[in-house]
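Here is the structure we will look at, set down as structure tokens.
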Number of protein chains: 2
Amino acid sequence: MARTPAPGTRERILATASRLFYAHGVRAVGMNRIISEAGTGKNLLYQHFTTKDDLVAGYLGRVRERRVDAIHRALDAAGDDPRDRLVALVGELGDLVTRTGSRGCAFRNYLVEFPDDSPAGSTDGADTSVGAGTPATLAREHLAEVRAVIDGLVGELGTDDPDRLADELCLVVDGLFMQAAHRDPDGLRRGADTAVRLTRRLVGA
Amino acid sequence: MARTPAPGTRERILATASRLFYAHGVRAVGMNRIISEAGTGKNLLYQHFTTKDDLVAGYLGRVRERRVDAIHRALDAAGDDPRDRLVALVGELGDLVTRTGSRGCAFRNYLVEFPDDSPAGSTDGADTSVGAGTPATLAREHLAEVRAVIDGLVGELGTDDPDRLADELCLVVDGLFMQAAHRDPDGLRRGADTAVRLTRRLVGA
DNA sequence: GTCTATAAGGGGATAGAC
DNA sequence: GTCTATCCCCTTATAGAC
């Protein structure tokens, strides 16, 4: 059988595509450019990803794994206090946004770029199994995933109005990512610090 | 001379283009669709807007005028207290985001869609005269404009660290607009309420 | 003359075939 | 890998209608 002649090929394609999609936007990057920069043949790419949407889904899935891992590492490092864990969560996302070359959140950016793909209110019989859907559903699933983490931690806090606090923290996180689109590195640094400071105040840490 | 045979044409084109660009994204809408939905000839469109970038600039300029007007009306209606005016500013933007069919901020969305056009840190000898530049400069100009309004109002407050408060309010505003990309109408309503409530708390009103 | 409708040019898109 | 097919993009040019 030996069905995988070059095990690194898929990952190399995915890494190249991810870098380009994230840096320039999904619509701005064509398959030709990915093929030429990945140094692979066109046949091989379409063998691993039958369509561009598949490749985009692979891109978002890859970012998602890394994002989830990074979040859980940050949470674990923060200890057991849900207050500290919430601050660590926002701090981790702040670090992500202030990294050089950062262009914010891959998922939110995708949804801005493709507003017509399964819009916010729709539940059109989509494949609800995690990780198998379209790019848009993948993006929304991840956002819901993070929201669930926030809800869980806020719930542990035992405050009067947990939904209210969770909404506030989500607003801060969204603001953090939106600023990546238009603020310079200095402003981003200050934006991330602001997000962490605000989080600290909101959770009462 | 009588150089303007049909005075309403330009505005009709601009209205159609604005609706389509805002709803579906700039890249997703082609000139053909604008022409067909505006009911005008292709020649006439290119007579008023020599290139698609011109049309996009016209779109953003149009949104900008209306946005600035709406902001100033809201500020005037709020009275003289800078606290009330800041709350009114965020409230106005919240209303904008919760309107049916809203897709958030046209300027921020454009910058997400075209990250390579005059990126955040660049000051490549662009035309700095207001309203005459490329879409990207137009977008950045408007964001700076609103930031200046916030800075001014925060300055009137006479707090210890005005830059800090202004950063916090900008984070809230950015979060408000980012949520338009991925929250459903119910979530958006709560997000807007959260933004106003948070603003009230931050400015001490 | 003013506008519409249509075709064509030049490029690049996805995707498939050899 | 290259080559082709098909389509859509922006833009210009031409031809026809009022």
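Reminder, nothing fancy here: chain letters follow the sequence lines and each chain counts from 1. If you're wondering where the values come from, they're calculated on a predicted model, not measured in any experiment.
Atom CZ in B/Phe49 sits roughly 15 Å away from atom P in D/dC10 (whole-Å rounding). Distance, B/Leu55 CG to D/dT11 C1': 14 Å, rounded to whole Å. Between the C1' atom of C/dA13 and the CZ atom of A/Phe21 lies a distance of 12 Å, rounded to the nearest Å. One atom, CG of A/Leu45, and another, P of C/dG16, lie 12 Å apart when rounded to the nearest Å. Distance A/Arg27 CZ to D/dC9 C1': 12 Å, rounded to the nearest Å. One atom, NZ of A/Lys52, and another, C1' of D/dC7, lie 15 Å apart when rounded to the nearest Å.
Shown are B/Asp151, B/Val154, B/Asp167, B/Ile150; of these, the side-chain contact (heavy atoms from CB on, under 4.5 Å) with B/Pro162 is made only by B/Val154.
Under 4.0 Å is where a charged nitrogen must lie from a carboxylate oxygen, and between B/Glu92 and B/Arg73 no such pair does. Of the charged side-chain nitrogens involved, none lies within less than 4.0 Å of a carboxylate oxygen, so that A/Asp186 and A/Arg190 do not count as a salt-bridged pair. Looking at A/Arg189 and A/Asp184, no side-chain N of the basic residue comes within less than 4.0 Å of a carboxylate O on the acidic one, giving no salt bridge.
Within the 4.5 Å cutoff, no side-chain heavy atoms of A/Asn109 are placed close to those of A/Met178. Looking at heavy atoms from C-beta onward, A/His142 lies in side-chain contact with A/Val68 at the 4.5 angstrom threshold.
When each of A/Thr50 and A/Ala28 is assigned the nucleotide of DNA chain C with its nearest heavy atom, A/Ala28 is the one assigned upstream, toward the 5' end.
Put simply, A/Thr51 has a side-chain N or O that comes within less than 4.0 Å of OP1 or OP2 on C/dA15.
Residues of residues 31-44 of chain B that place a heavy atom closer than 4.0 Å to DNA chain D, in numerical order, are B/Met31, B/Lys42, B/Asn43.
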